[in-house]
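These notes concern the structure reproduced below.
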Amino acid sequence: MKKFALMLAVMFLFAAIAGPATAAPIVFRFAGQSPPDHMATKTMEQMAKEIKDGTKGRVEVKVYPASQLGNYSLVMEEMIRGTVDMACMSVATDFDPRLEIIYTNGFVTGYESAKKALVPGAWLPNKLNEFTSALGVHLIGSYVEGFIGIGSTKAVKDPLNPKVDKGVLTRVPNMVVYTLGAKAMGYRPITIPYPDVYQSMQTGVCDAVDGYPTAAAYTILGDVLKHWYATNYSMEYLAYMVSDKSWKKLTPEDQKVFLDVAKKYTLKSIDNAKAEDDKYMALMEKKGIKVYRYTEAQLKPIKEACVSTWEEVGKAGTGVELMKEFKQHLGNL
């Protein structure tokens with residue numbers, strides 16, 4: 001009995017010295033669509049580190065770039081189910097057509113207005129989160145890859161005057177917002193699949209392209225482009241999203257860490273977008289592409305032309321009342 005009592009005392013002593021057992025961290029799978037060396041993926045890795053540090057190791061985030069966990073529609077579906085925890089991806093609008101408001105042309109025309117529109121807590125991210133939350137996914141922040149302009153193989157007529165026919169047949173993404181926006185700015189739109197754009201411009205099927213951010217325009221179409229107009233009527237947008245089922249695994253304290261990190265990297269992404277756009281426009285010029293840069297004041301007529309299409313965008317699927325609200329909050333940003 002004495003030996004047993006002694007062993008028990010030793011065990012309690014060791015337990016007291018060692019302290020309570022450390023719980024295993026919650027592991028989040030963070031899905032991305034960009035290549036491993038892309039700025040978006042690097043941002044995801046920085047976020048993962050800051051979340052781990054901020055939660056004192058309670059949450060570990062593993063990054064899966066290059067659509068390793070599926071394309072953005074599949075990942076959205078898996079987040080709804082709770083089998084993928086979080087993502088930095090395009091918004092899958094097939095789950096709710098109202099989510100297409102993020103692709104509306106003309107609500108921002110520069111980096112500072114983008115910050116005002118997209119900072120967490122502003123009307124637009126709140127509205128997007130309202131729609132995604134109904135599906136079971138929290139939208140906690142935004143990633144802006146860069147602004148979208150017009151690239152062309154020949155000069156565009158009076159690019160800042162939306163009332164002038166630009167004289168170019170212009171490829172647009174297969175989305176109503178882009179078709180209506182292009183027409184409003186004076187372009188003749190034609191829908192061409194993304195993989196076919198280079199050959200279409202090379203062979204003269206189209207003269208210009210709508211829907212490409214600056215970096216993509218340079219890296220994919222740089223050999224055929226002759227002109228780049230930084231009209232900034234739209235932007236390449238990704239969302240930071242977390243599955244509701246995964247969100248509920250977090251303590252309120254750790255949820256706040258996620259929200260703070262997402263806000264920080266929302267604003268940082270817009271600064272990075274400006275740097276990337278400037279970098280690739282400089283590379284365009286070095287390659288012999290004529291680049292046209294504009295101030296937000298110069299772009300006001302283009303913005304107003306795009307705003308004039310918003311009611312029609314609403315009728316096409318996002319909803320007329322939603323677009324009225326959209327215009328109220330973002331029409332004069």
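Going from atom OG of S113 over to atom NZ of K303 covers 7.0 Å, rounded to the nearest 0.5 Å. Summarising the geometry, atom OG belonging to S152 is positioned 9.5 Å from atom CH2 belonging to W228; distances are rounded to the nearest 0.5 Å. Between D207 atom CG and I150 atom CD1 the span is 12.0 Å, to the nearest 0.5 Å. If you take NZ on K256 and CG on L250, they are separated by 14.0 Å, rounding to the nearest 0.5 Å. A distance of 12.0 Å separates CD of E276 from CG of D271, quoted to the nearest 0.5 Å. Atom CG of D223 and atom CG of L221 lie 9.0 Å apart (nearest 0.5 Å).
No chain of hydrophobic side-chain contacts below 4.5 Å, direct or via other Ile, Leu, Val, Met, Phe, Trp or Tyr residues, connects L238 to I270. When hydrophobic clusters are built by joining Ile, Leu, Val, Met, Phe, Trp and Tyr residues whose side-chain heavy atoms come closer than 4.5 Å, directly or via intermediates, I192 is grouped together with L169. Under the 4.5 Å side-chain heavy-atom criterion for Ile, Leu, Val, Met, Phe, Trp and Tyr, V156 and V291 are members of distinct hydrophobic clusters. With hydrophobic clusters built from ILVMFWY side chains whose heavy atoms lie under 4.5 angstrom apart, M281 does not share a cluster with L299. Under the 4.5 Å side-chain heavy-atom criterion for ILVMFWY residues, no single connected hydrophobic cluster contains both L259 and V137.
No cation-pi contact links K183 to Y187, judged by a cut-off of 6.0 Å to the six-membered ring centre and 45° from its axis.
Shown here for K315 and V320, the closest heavy-atom pair between the two residues is CG-CG2, 3.6 Å. In this structure, Y233 and G211 approach most closely via the heavy-atom pair OH-N, 3.2 Å. The shortest non-hydrogen separation linking F28 to S246 is CZ-O, 3.4 Å. Pairing each heavy atom of M89 with each of G70, the nearest pair is CE-O, 3.4 Å. Nearest heavy-atom pair across V172 and P189 is CG1-CB, 3.8 Å. Of all heavy-atom pairs between V75 and V84, the closest is CG1-CG1, 4.1 Å.
The backbone N or O of K226 lies less than 3.5 Å from no partner atom in the side chain of K287, so there is not a single donor-acceptor pair. No donor-acceptor pair under 3.5 Å is formed between the side chain of S133 and the backbone N or O of E130. At distances below 3.5 Å, at least one donor-acceptor pair connects side-chain atoms of N126 with backbone N or O atoms of G121. For Q33 (side chain) and S90 (main-chain N/O), a donor-acceptor pair under 3.5 Å exists by modelled atom type. Checking side-chain atoms of T318 against main-chain N and O of E100 turns up no donor-acceptor pair under 3.5 Å. Between the side chain of T41 and the main chain of P65, no donor-acceptor pair closer than 3.5 Å is present. Looking only at distances, a side-chain donor or acceptor of T55 sits under 3.5 Å from a matching main-chain atom of V59.
In summary, E321 and R98 do not engage in a salt bridge, as defined by a charged side-chain N under 4.0 Å from a carboxylate O. Between K42 and E45 there is no salt bridge, since no side-chain N of the basic residue sits under 4.0 Å from a carboxylate O of the acidic one. Ion pairing of E77 with R81 is present here, as a side-chain N (NZ or NE/NH1/NH2) and a carboxylate O approach within less than 4.0 Å.
Under the 30°/60° scheme for interplanar angles, the aromatic rings of H138 and W247 are found to be tilted. Relative ring orientation between H227 and Y292 is described as parallel, the plane-to-plane angle staying below 30° on a 0-90° scale split at 30° and 60°.
For the residue pair W123 / E325, a side-chain donor-acceptor distance below 3.5 Å is found, with atom types taken as modelled. With 3.5 Å as the limit, one finds no donor-acceptor pair spanning the side chains of N232 and Y111. Side-chain contact, S200 with D196: no donor N or O sits under 3.5 Å from an acceptor N or O. A donor-acceptor contact under 3.5 angstrom links the side chains of Y237 and S142, judged on distance only.
The 12-atom threshold is exceeded at CD of Q46, counting heavy atoms of other residues, nucleotides or ligands nearer than 6.0 Å. Within 6.0 Å of CD in E311 there are 12 or fewer heavy atoms belonging to other residues, nucleotides or ligands. Counting non-hydrogen atoms of neighbouring residues, nucleotides and ligands closer than 6.0 angstrom, the CG atom of N332 reaches no more than 12 such neighbours. Heavy atoms of other residues, nucleotides or ligands lying less than 6.0 angstrom from CG of N174 number 12 at most. The local environment of OH in Y72 is sparse, with at most 12 non-hydrogen atoms from other residues, nucleotides or ligands closer than 6.0 Å. Heavy atoms from other residues, nucleotides or ligands lying under 6.0 Å from CD of Q199 number 12 at most. Around the NZ atom of K115, the shell of radius 6.0 Å holds more than 12 heavy atoms that belong to other residues, nucleotides or ligands.
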Check the pair R188, D165 against side-chain contact (heavy atoms from CB on, under 4.5 Å), reporting the backbone distance first and the verdict last. CA-CA 8 Å; R188 305 172 200 166; D165 185 313; 3.2 Å; yes
Show, in sequence, the C-alpha distance, side-chain angles and deciding distance for K290 and E285, and conclude whether the salt bridge (Lys or Arg N to Asp or Glu O under 4.0 Å) test is met. CA-CA 6 Å; K290 179 66 176 174; E285 289 174 323; over 6 Å; no
Check step by step if side-chain contact (heavy atoms from CB on, under 4.5 Å) holds for D85 and M79. CA-CA 6 Å; D85 303 289; M79 282 194 293; over 6 Å; no
Mind running side-chain contact (heavy atoms from CB on, under 4.5 Å) on V307 and K327 for me, showing each step along the way? CA-CA 8 Å; V307 170; K327 184 175 181 179; 3.8 Å; yes
I'd like to know whether F147 forms a side-chain contact (heavy atoms from CB on, under 4.5 Å) with S234, so could you lay out the CA-CA distance, the side-chain angles of the two residues, the decisive distance to 0.1 Å, and finally the verdict. CA-CA 6 Å; F147 269 90; S234 186; over 6 Å; no
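In this structure, V119 and K263 have side chains that are in contact, with non-hydrogen atoms separated by less than 4.5 Å. Here the side chains of T104 and M323 are in contact, with some heavy-atom distance below 4.5 Å. Side-chain contact between V61 and M86: present, with at least one pair of heavy atoms (C-beta onward) separated by less than 4.5 Å. Considering only heavy atoms from C-beta on, C206 comes within 4.5 Å of M201 through its side chain. In this structure, the side chains of I101 and L322 come closer than 4.5 Å at one or more pairs of heavy atoms. Proximity of M39 to T43: side-chain heavy atoms (C-beta onward) are separated by under 4.5 Å at one or more points. In this structure, I102 and L128 have side chains that are in contact, with non-hydrogen atoms separated by less than 4.5 Å.
With Y103 as reference, V177 is the one residue of I148, V177, V313 to meet the side chain to side chain contact (heavy atoms under 4.5 Å, CB included) rule. In summary, of the residues considered (Y265, Y143, F258), a side chain to side chain contact (heavy atoms under 4.5 Å, CB included) with M47 occurs for Y265 alone.
Aromatic ring centres of Y194 and Y212 lie closer together than 6.0 Å.
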